[in-house]
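Report on one structure; see the data block that follows.
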There are 2 protein chains.
Amino acid sequence: MEIIIDIEDSEPLFAQLVTQIKQAVLSGKILPGDSLPSIRQLAGDLRLNNKTVAKAYRLLERDSVIEAKGYRGTFIHPQAVANSTVDINDIITRKLGDTIQALRTSGATDSEIRIVFAELMKAHQEQGVNL
Amino acid sequence: MEIIIDIEDSEPLFAQLVTQIKQAVLSGKILPGDSLPSIRQLAGDLRLNNKTVAKAYRLLERDSVIEAKGYRGTFIHPQAVANSTVDINDIITRKLGDTIQALRTSGATDSEIRIVFAELMKAHQEQGVNL
DNA sequence: ATATGTACCATTAGTACAAATGGTACAACT
DNA sequence: AGTTGTACCATTTGTACTAATGGTACATAT
């Protein structure tokens with residue numbers, strides 16, 4: 001498995017990692033059950049900070065593409081292939097886009113939408129929910 | 001009609017104007033058909049910039065609380081009373097809140113939602129839609 | 001001439017967030 | 001002792017937005 005990180009790319013480093021690992025799963029270069037390098041090792045190989053790799057792993061586990069098993073290491077999830085095709089960003093773009101379009105049609109300005117959005121996100125965060 | 005602007009208030013100046021004019025309509029202090037001071041005059045009286053008052057008038061006209069008739073001046077809209085109770089922010093909060101809640105339930109992180117939201121708003125703006 | 005709403009040009013200050021970095025520490029296990 | 005994922009403490013850089021300000025200009029009317 002070969003991962004190439006381009007620090008000049010506008011795509012964030014952690015996102016490049018996520019994309020390439022999903023691609024490797026879809027193309028069969030890595031199979032369900034295979035083990036992945038540890039966060040620290042991969043960060044060292046790619047010359048990235050541990051936190052950057054940890055963030056990518058965290059998102060991949062949220063999508064059930066990988067499984068973190070603590071001290072035993074991290075492995076490709078049994079349903080990784082199917083889950084690699086599901087892009088949460090597509091879902092967000094579709095649902096959120098529909099809602100925004102409806103609000104604009106109702107006469108709401110972009111500025112008003114932005115302000116309410118910020119309030120909604122802030123209110124949630126103050127109740128102790130974070131990533 | 002008496003308008004008091006508090007520059008120490010955290011509520012934006014243009015929003016204070018909008019709120020107070022709607023309140024005056026609801027309480028019957030100003031009636032449909034009444035004329036409003038011109039943008040320049042009101043800005044002078046309240047010691048605000050013309051643009052700030054113009055912004056408030058623009059939003060009030062969007063909500064059909066007032067009617068701008070060009071060189072003839074600005075007047076209270078015939079349906080102003082009913083339209084003063086409709087708060088576009090409530091509509092936005094409800095619809096947008098529902099969508100965000102659904103996305104969070106789907107596993108989306110707040111950060112991901114924020115990024116997609118910014119992209120959607122930016123894409124729209126680049127097509128020449130502004131307020 | 002004067003007044004109206006409106007539409008551009010622009011700047012300033014403040015706020016908020018993403019992304020990435022660095023360091024320290026923990027429990028659980030070999 | 002050493003490794004695993006994870007969870008905190010923190011900072012820096014860049015971006016992007018709001019709100020408000022100032023000035024200029026326009027067509028349309030009295």
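What you see is a predicted model, and the numbers here were worked out from it, not measured in a lab. Chain letters run A, B, ... following the sequence lines, proteins first and then strands; every chain starts at 1. Hydrogens, waters and symmetry mates play no part in the numbers below; they use all other heavy atoms, side chains included.
When the C1' atom of D:dT15 is taken as reference, atom NZ of B:Lys122 falls 8 Å away, rounded to whole Å. In this structure, A:Gln41 places its CD atom 12 Å from C1' of D:dT4, rounding to the nearest Å. If you take CZ of B:Phe117 and P of D:dA16, they are 15 Å apart, rounded to a whole angstrom. Rounded to an integer number of Å, the gap from CG of B:Leu59 to C1' of C:dG5 is 15 Å. As a whole-Å value, the separation of B:Lys55 NZ from D:dG22 C1' is 16 Å. When rounded to the nearest whole Å, the span between CG of A:Leu36 and P of D:dG5 equals 9 Å. Atom pair B:Phe14:CZ and D:dT18:P shows a separation of 10 Å (rounding to whole Å applied). Here the P atom of nucleotide C:dA3 and the CD1 atom of B:Ile39 are 15 Å apart, to the nearest Å.
For B:Arg114 against D:dT15, a side-chain-to-base donor-acceptor contact under 3.5 Å is absent. Residue side chain B:Arg58 does not reach the base of C:dG5 through any donor-acceptor N/O pair under 3.5 Å, judged by distance alone.
Of the side-chain N and O atoms in A:Thr74, one or more sit less than 4.0 angstrom from OP1 or OP2 of D:dG5. Phosphate proximity of C:dA20 to A:Thr52: absent, as no side-chain N or O sits under 4.0 Å from OP1 or OP2. Note on A:Asn49: a side-chain N or O is less than 4.0 Å away from OP1 or OP2 of C:dG22.
B:Lys51 comes within 4.0 angstrom of a base, heavy atoms only. Here A:Glu61 lies in heavy-atom contact (under 4.0 Å) with sugar-phosphate atoms only.
When each of C:dT21, C:dA18, D:dA20 is scored by its nearest atom to the side-chain atoms of B:Pro12, the top-ranked nucleotide is D:dA20. Comparing C:dG5, C:dG22, D:dT6 by their closest approach to the side chain of B:Ser38 singles out C:dG5.
Classification of B:Arg62 and A:Glu112 as a salt-bridged pair holds, one side-chain N sitting under 4.0 Å from a carboxylate O. The pair B:Arg72-B:Glu67 fails the salt-bridge criterion, with no side-chain N (NZ, NE, NH1 or NH2) lying under 4.0 Å from an Asp/Glu carboxylate O. With respect to B:Asp87 and B:Lys22, no salt bridge is recorded, no charged nitrogen being found less than 4.0 Å from a carboxylate O.
Side-chain contact check for B:Leu17 versus B:Leu42: some heavy-atom pair is nearer than 4.5 Å. A 4.5 Å side-chain heavy-atom check between B:Lys95 and B:Ile91 finds at least one atom pair inside the cut-off.
Where B:Tyr71 and A:Arg72 meet DNA chain C, the nucleotide closest to each residue was compared, and B:Tyr71 sits on the side nearer the 5' end. Along DNA chain D, the nucleotide closest to A:Ala54 and the one closest to B:Leu48 are compared, and the more 5′ of them pairs with A:Ala54.
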